[in-house]
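Data block below; observations after.
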Amino acid sequence: MVRWITLLTDFGHRDVYVGVMKGVIFSIYPQAQVIDLCHEIPPQDCRTASFQLLQAFPYFPKGTVHLVVVDPGVGTSRRAIALDFGNAYGVGPDNGIFSQVCDRYPPQRVVELTQPHFWRTPNPSATFHGRDIFAPVAAHLSRGVDLMALGEPLDPKVLVRLPDLGYESTPRGVRGSIQASDRFGNLITTLPAELLAKGYHWVEIQGQRIPIAKTKTYGDVPPHHLIALAGSHGFIEIAVNGGSAQRVLGCENGDPVWLMRRS
Amino acid sequence: MVRWITLLTDFGHRDVYVGVMKGVIFSIYPQAQVIDLCHEIPPQDCRTASFQLLQAFPYFPKGTVHLVVVDPGVGTSRRAIALDFGNAYGVGPDNGIFSQVCDRYPPQRVVELTQPHFWRTPNPSATFHGRDIFAPVAAHLSRGVDLMALGEPLDPKVLVRLPDLGYESTPRGVRGSIQASDRFGNLITTLPAELLAKGYHWVEIQGQRIPIAKTKTYGDVPPHHLIALAGSHGFIEIAVNGGSAQRVLGCENGDPVWLMRRS
Amino acid sequence: MVRWITLLTDFGHRDVYVGVMKGVIFSIYPQAQVIDLCHEIPPQDCRTASFQLLQAFPYFPKGTVHLVVVDPGVGTSRRAIALDFGNAYGVGPDNGIFSQVCDRYPPQRVVELTQPHFWRTPNPSATFHGRDIFAPVAAHLSRGVDLMALGEPLDPKVLVRLPDLGYESTPRGVRGSIQASDRFGNLITTLPAELLAKGYHWVEIQGQRIPIAKTKTYGDVPPHHLIALAGSHGFIEIAVNGGSAQRVLGCENGDPVWLMRRS
């Protein structure tokens with residue numbers, strides 16, 4: 001049986017931290033299959049980690065362990081946790097990085113990682129729990145250790161949650177915000193793509209009206225024009241055909257966006 | 001039997017798009033071995049993708065599937081294709097990214113991907129065919145599905161080709177151009193390295209005469225001097241010993257370069 | 001039996017050089033497991049390669065082959081070597097990149113790579129020994145070829161060593177220097193972390209006195225304050241809680257640092 005472990009961190013690519021975690025994983029479980037999700041999360045940005053994990057979560061084989069190490073509170077009293085989602089597991093600090101995944105795929109069981117038997121050492125470094133606690137625990141989970149053996153059960157309700165960005169209906173239209181951008185400069189909103197089927201006429205951002213794609217593709221508008229469409233992640237996305245909406249609009253995460261009808 | 005899938009994209013490293021494609025591949029074919037070729041192709045730059053694929057193509061085991069997703073026309077009427085090169089396969093959009101490989105290693109069979117049975121879903125996202133069409137097709141090819149099952153046969157002659165950069169003999173010398181640069185600032189020309197054996201005396205670029213390496217190494221000139229030599233990819237390359245030719249010369253892709261004889 | 005090969009290079013991520021080395025490895029040894037340690041070593045920076053290899057070295061399974069290609073002298077008369085450390089192997093150019101690992105884990109046997117039978121070709125490219133010599137040799141070592149078959153025995157004493165950065169006791173305190181920084185802006189000194197147990201009171205850099213962490217974590221000081229603590233790599237590290245010490249202090253590698261007592 002093949003078992004996967006994904007890695008999502010803010011460690012970047014200029015250091016060997018990610019490689020070290022892999023060495024620790026393979027030392028415990030030589031048959032593990034490790035997949036890099038992303039290591040360029042901005043340093044200590046739990047919000048972006050939570051968003052990226054949600055984008056990737058549904059696409060992995062049953063039993064995959066998602067190891068997330070974005071950990072501004074490493075070494076402090078913040079909890080270390082492991083989560084059982086039924087079809088997948090999560091391992092990482094309890095700081096909100098699992099928020100959006102937990103909203104959509106409620107965990108069945110959660111434990112606080114208090115059992116040093118499954119760590120690399122009972123005296124972990126105070127600054128690299130990825131190496132000394134989280135990677136070893138992910139390797140043990142992946143090789144078949146039961147979640148409950150890893151520590152004390154936790155009520156999922158006590159987990160740290162990031163504030164819900166969400167969206168709301170208002171007299172003016174549906175109000176959401178920009179929650180992320182990607183390498184192509186596409187702006188990903190908090191508005192669910194399903195809303196596009198409900199007869200809205202444009203998306204408004206910074207006072208600009210952006211047309212909604214009829215054929216669902218970037219090619220629906222001429223090159224260098226703005227367009228709003230259903231993104232591959234299930235949210236409404238603002239893009240420029242052959243260009244970067246982020247560069248054209250100069251937006252930042254958190255900027256408000258409206259889905260509107262002709263009145 | 002082990003089968004490899006290589007990935008070449010313009011997805012970069014700040015998003016989870018590449019990781020998602022891997023999740024889709026392993027969900028279909030758990031025994032797949034996936035190798036990252038490069039994900040830093042400049043966004044939507046089919047020319048660079050074609051060049052990089054050519055550099056890597058000859059070095060992989062028999063049966064490797066090269067999955068290339070640089071796809072400015074995603075969701076439009078551009079074709080999705082799979083190619084059989086005899087010793088290797090290609091999967092990706094038909095937009096020229098296979099041009100240089102096809103010139104040197106003519107494909108034996110090509111199909112247009114019209115058979116949704118081998119996609120992740122019959123209703124693919126209009127903006128992420130890498131996840132919904134190309135990665136699944138590559139996984140099925142890798143696990144042994146016959147190419148012809150994936151869609152309708154296509155005459156290789158109808159494939160989109162990028163304009164040939166090439167080189168030409170002129171009274172002044174052999175004229176080529178810069179087709180790429182690498183991280184070290186080495187400038188890779190379109191001039192085949194074999195020409196160096198034919199008694200030329202220097203390479204000229206921007207009016208500067210650059211000596212040809214006698215011992216074939218960067219160390220043939222003193223530190224910080226320019227040198228022309230046979231690059232590892234089979235083209236003449238302009239380099240600075242211990243430095244960056246790109247920084248010294250300020251060149252761009254497409255700039256002309258001459259291989260010349262003392263007259 | 002599973003065998004790992006790690007890769008540490010200055011090839012970056014914008015070219016296919018790393019992917020090509022993997023293709024060569026898998027062509028020789030299909031069962032190899034390849035782990036990326038880091039490819040963002042600054043071009044030709046042997047000092048940083050040596051430091052990063054030392055950080056990662058102890059965390060890999062027995063028998064791992066560490067393939068290091070930071071090779072400013074490629075194609076010149078610099079030696080190509082393989083090293084047997086007992087529990088691990090090293091393969092790469094003899095230019096100091098193995099210095100710090102050799103200091104801490106003396107190699108038992110070293111050979112100069114003179115046996116072209118284990119290369120990709122007896123006529124290697126003069127500019128890409130990673131592809132034509134080092135990757136093939138690492139693959140053969142990994143699949144079980146004896147080190148002594150790869151070339152001529154070398155006395156470890158003749159290997160190129162980088163100058164020792166080290167530290168020294170002075171009347172003023174223990175003097176070391178900054179040897180590296182990481183993505184988070186943490187400054188890693190040459191001072192061994194064990195010294196922190198010996199009753200020192202602060203670390204001084206650029207005339208600033210930086211407190212030593214009592215609880216060993218970044219959270220020991222308020223957000224945005226400087227702190228000195230035992231880093232996960234075993235050296236004293238200067239950090240900013242929730243920020244970047246490198247940005248705050250504007251330090252460079254080589255800058256002096258002092259471990260001091262109240263006098």
Side-chain angles (χ1 to χ4, degrees), chain A residues 1-4 6-8 10 12-13 33-42 48-49 51-64 66 88 180-186 188 193 213-220 223 227 229-234 237 239-244, chain B residues 2 5 7 9-36 38-46 69-78 93 95 120-121 123-136 139 183:
Chain A
M1 188 187 163
V2 194
R3 294 289 280 277
W4 282 269
T6 75
L7 300 185
L8 178 65
D10 60 354
H13 289 91
Q33 299 291 319
V34 178
I35 303 174
D36 297 299
L37 276 191
C38 178
H39 300 296
E40 296 290 344
I41 301 294
T48 296
F51 170 76
Q52 294 286 10
L53 182 62
L54 178 65
Q55 301 323 303
F57 193 81
Y59 298 104
F60 287 83
K62 188 171 157 61
T64 294
H66 298 284
S181 61
D182 69 12
R183 189 201 190 197
F184 301 94
N186 298 321
I188 297 141
K214 287 201 176 60
T215 64
K216 305 184 177 177
T217 73
Y218 303 128
D220 206 57
I227 186 138
L229 72 179
S232 61
H233 28 62
E237 171 181 314
V240 163
N241 183 13
S244 162
Chain B
V2 195
I5 298 172
L7 300 185
T9 77
D10 60 353
F11 291 167
H13 289 90
R14 52 175 278 195
D15 306 300
V16 293
Y17 300 136
V18 172
V20 163
M21 289 208 303
K22 292 178 184 175
V24 169
I25 288 170
F26 292 126
S27 296
I28 291 169
Y29 182 37
Q31 285 76 34
Q33 299 291 319
V34 178
I35 304 174
D36 297 299
C38 178
H39 300 296
E40 295 290 344
I41 301 294
Q44 315 184 331
D45 181 343
C46 298
V69 190
V70 177
D71 196 6
V74 61
T76 67
S77 60
R78 70 97 185 86
N95 59 19
R120 197 180 67 82
T121 157
N123 301 303
S125 152
T127 60
F128 196 0
H129 285 189
R131 179 189 73 192
D132 292 346
I133 298 178
F134 298 123
R183 189 198 191 198

Segment of B:Val34 engaging chain A (4.5 angstrom heavy-atom cut-off):
neither
Answer with side chain, backbone, both or neither: which region of B:His39 has an atom nearer than 4.5 Å to a non-hydrogen atom of chain A?
backbone
For the backbone of A:Pro42 and the side chain of B:Arg14, can you confirm whether one donor and one acceptor N or O come within less than 3.5 Å of each other?
no
At what distance, to the nearest 0.5 angstrom, does CG of A:Asp36 lie from NE2 of B:His13?
8.5 Å
Which atom of A:Thr217 lies closest to which atom of B:Val74, heavy atoms considered
CB-O, 4.1 Å
Determine the minimum heavy-atom distance between A:Cys38 and B:Val16, stating which atoms define it.
CB-CG1, 3.9 Å
Given a strict heavy-atom distance threshold of 4.5 Å, which part of B:Asp10 is in contact with chain A: side chain, backbone, both, or neither?
both
Which heavy-atom pair separates A:Ile188 from B:Tyr17 by the least distance, and what is that distance?
CD1-OH, 4.5 Å
CE of B:Met21 to CD1 of A:Ile35: how many Å apart, nearest 0.5 Å?
12.0 Å
To the nearest 0.5 Å, how far apart are CG in B:Asp15 and CD1 in A:Ile41?
8.5 Å
Where the side chain of B:Arg131 meets the backbone of A:Tyr59, is there a donor-acceptor pair that is under 3.5 Å apart?
no
Can you tell me how far the CD atom of B:Glu40 sits from the CZ atom of A:Arg183, to the nearest 0.5 Å?
4.5 Å
Option that, when pairs with chain B are counted at under 4.5 Å, heavy atom only, ranks first among A:Gly231, A:Ala56, A:Pro61, A:Pro58
A:Pro61
Could you report the tightest heavy-atom contact between A:Gly242 and B:Gln44, atom names first, then the distance?
CA-OE1, 3.4 Å
When rounded to the nearest 0.5 angstrom, what distance separates OG1 in B:Thr76 from OH in A:Tyr218?
12.0 Å
Select one option (side chain, backbone, both, neither) describing which atoms of B:Ser125 are under 4.5 Å from chain A's heavy atoms.
side chain
Closest approach of A:Phe60 to B:Gly19 (non-hydrogen atoms, all atoms of both residues):
CZ-O, 3.2 Å
Segment of A:Thr64 engaging chain B (4.5 angstrom heavy-atom cut-off)
neither
Using non-hydrogen atoms only, which part of A:Leu7 is less than 4.5 Å away from chain B: side chain, backbone, both, or neither?
neither
Does any heavy atom of chain B fall under 4.5 Å from the side chain of A:Asp182, the backbone, both, or neither of them?
both
Parallel, tilted or perpendicular: ring planes of B:Phe26 versus A:Trp4, cut at 30 and 60 degrees
tilted
